[in-house]
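The shown structure was predicted, so the numbers you read here are calculated from the model rather than taken from an experiment. Just so you know, residue 1 is the first one in the sequence shown, and it goes up from there.
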Amino acid sequence: MRVTGLLLLVAHLLIVGWLTLRPRTVPWVSATNLEPLATIRAELATGPSWEAVQHLGGSVLLLAPLGVLLPLSAGRLNVSPLVSLTRTVFAGAMIALAIELLQSGVPGRVPDIDSVLLGSLGVALAHLAVVPVARRRLRRQYGDLGEVTPRIPRVGLAPQADALSGSRTYL
C-alpha cells in the first residue's frame with residue numbers, strides 16, 4: 001500500500017504542478033494578496049454566486065487528496081490521530097506555500113495567501129473524513145502488526161543494538 005500511495009502522491013503532485021504552475025496569457029492580473037482572508041471576504045461580499053463557489057471550492061479541492069495520500073504513503077497503522085492530522089496538515093500547508101512561492105515567478109499567476117489557507121483546509125477535511133476510519137478498518141482486519149518486536153530465530157530474544165557497539169564496559 002505504501003508504494004501505491006507514493007505513486008498516487010507523485011501523480012497528484014505532478015497534476016497539481018501542471019495546473020498551477022503553467023503560464024497564462026492574460027491582459028491583466030490582480031495584485032498579490034498577502035493579507036489572510038482578504039480574497040475569501042471579497043468573494044463572499046458579492047453574495048452567494050457560482051463563481052465564488054468555484055473559486056473557493058476549487059482551492060479547497062485542489063490539495064484535498066493530499067489528506068489521504070500523505071498518510072497512505074507513510075504506511076503507518078498505529079499512529080495517534082492528532083499527530084497524524086497535525087503532520088498531514090503541516091505537510092499540505094508547506095506544499096501549498098511552495099506552490100504559491102513558485103507562482104510568483106510564473107507569468108500570469110499571482111500568489112495568494114488564501115490559497116494556502118484553503119488548500120490546508122481541504123487537506124484537513126479529507127484527512128478527517130477518510131484516514132481515521134480507514135486506519136481503524138485496517139487495524140481490525142490485519143491486527144496490530146506494528147507492535148511486534150522482531151525476534152532472532154532459534155534464540156527467541158529481541159536483538160539489542162547497543163550490546164555490540166562497544167559503548168559499555170562490563171567489569
Side-chain angles (χ1 to χ4, degrees), residues 1-22 30 32-45 48 52-106 109-150 158-162:
M1 285 185 26
R2 180 180 287 177
V3 173
T4 303
L6 282 171
L7 290 174
L8 290 173
L9 178 64
V10 168
H12 177 70
L13 288 176
L14 286 173
I15 291 169
V16 167
W18 182 77
L19 288 173
T20 59
L21 298 176
R22 63 187 168 138
S30 60
T32 301
N33 175 29
L34 299 177
E35 180 186 341
L37 305 177
T39 305
I40 297 171
R41 268 189 258 120
E43 290 283 345
L44 296 177
V53 170
Q54 280 183 318
H55 182 261
L56 297 177
S59 294
V60 169
L61 292 176
L62 182 67
L63 295 179
L66 293 178
V68 177
L69 293 175
L70 287 170
L72 181 64
S73 64
R76 298 180 187 161
L77 284 180
N78 298 316
V79 178
S80 165
L82 183 61
V83 170
S84 177
L85 176 67
T86 305
R87 202 178 341 190
T88 304
V89 171
F90 179 75
M94 292 298 106
I95 290 170
L97 183 62
I99 289 170
E100 293 302 317
L101 289 174
L102 289 172
Q103 278 185 346
S104 65
V106 177
R109 300 286 182 169
V110 180
D112 186 359
I113 192 67
D114 290 337
S115 294
V116 175
L117 296 174
L118 291 170
S120 301
L121 176 66
V123 170
L125 291 175
H127 186 280
L128 288 172
V130 175
V131 173
V133 174
R135 277 195 177 136
R136 194 171 341 155
R137 189 173 293 156
L138 287 171
R139 276 195 303 261
R140 198 175 322 128
Q141 183 178 358
Y142 294 110
D144 292 330
L145 297 176
E147 301 294 326
V148 178
T149 303
Q160 293 185 356
D162 62 336

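Arg139 places no side-chain N or O within donor-acceptor distance of the main-chain N or O of Asn78, the cut-off being under 3.5 Å. Under the 3.5 Å distance criterion, the side-chain polar atoms of Ser84 are left unmatched by any main-chain donor or acceptor of Ser80. Of the possible polar contacts, one joining the Arg135 side chain to the Arg76 backbone as a donor-acceptor pair under 3.5 Å is found. Side-chain N or O atoms of Ser73 include one that pairs as donor or acceptor with a backbone N or O of Leu70 at under 3.5 Å. A donor-acceptor pair under 3.5 Å is absent between the side-chain atoms of Glu43 and the main chain of Leu56, judged by distance alone. With hydrogens and angles ignored, the 3.5 Å screen pairs no side-chain donor or acceptor of Asp114 with any backbone N or O of Pro36. Listed for the Asp112 side chain is no donor-acceptor partner under 3.5 Å among the backbone atoms of Thr32. Counting only distance, with no hydrogens or angles, the side chain of Asn33 and the backbone of Ile113 share no donor-acceptor pair below 3.5 Å. Remark: the backbone N or O of His55 is paired with a side-chain donor or acceptor of Ser59 at under 3.5 angstrom.
Considering CG of Leu82 and CZ of Arg87, their distance stands at 10.5 Å, rounded to 0.5 Å. A distance of 11.0 Å separates CG of Leu14 from CG of Leu19, quoted to the nearest 0.5 Å. Rounding to the nearest 0.5 Å gives a distance of 5.5 Å between CD of Glu35 and CZ of Arg41. The structure places CG of Leu9 at 12.0 Å from OG1 of Thr4, a figure rounded to the nearest 0.5 Å. Taking CG of Leu62 as the start and OG of Ser115 as the end, the distance is 8.5 Å to the nearest 0.5 Å. In this structure, CZ in Arg137 is found 9.0 Å from CD in Gln141, a value given to the nearest 0.5 Å.
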Gln103/Val110 under side-chain contact (heavy atoms from CB on, under 4.5 Å): CA gap, chis, key distance, verdict:
CA-CA 6 Å; Gln103 278 185 346; Val110 180; over 6 Å; no
Could you go step by step and tell me if Glu100 and Thr20 meet the side-chain contact (heavy atoms from CB on, under 4.5 Å) rule?
CA-CA 9 Å; Glu100 293 302 317; Thr20 59; over 6 Å; no
Stepwise, does the side-chain contact (heavy atoms from CB on, under 4.5 Å) test hold for His12 with Leu66?
CA-CA 8 Å; His12 177 70; Leu66 293 178; 3.8 Å; yes
Step by step, work out the side-chain contact (heavy atoms from CB on, under 4.5 Å) result for Leu44 and Ile40.
CA-CA 6 Å; Leu44 296 177; Ile40 297 171; 4.0 Å; yes
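Across Ala126 and Val68, no two heavy atoms sit closer than the pair O-CG2, 3.9 Å. The two atoms that bring Pro132 and Leu128 nearest to each other are CD-O, 3.7 Å, heavy atoms only. The nearest pair of heavy atoms linking Val133 to Ala129 is CG2-O, 4.5 Å. Of all non-hydrogen atoms in Ile99 and Val16, the two that sit nearest each other are CD1-CG1, 3.5 Å. Taking every heavy atom of both residues into account, Val89 and Ala124 meet most closely at CG2-CB, 3.6 Å. When all heavy atoms of Val106 and Leu102 are compared, the closest pair comes out as CG2-O, 3.5 Å.
Side-chain atoms of Leu72 and Met1, non-hydrogen and from C-beta on, do get closer than 4.5 Å to each other. With a 4.5 Å cut-off on side-chain heavy atoms, Val10 and Leu6 do not count as touching.
Checked by atom type, the side-chain pair Ser104/Arg109 shows no donor-acceptor distance below 3.5 Å.
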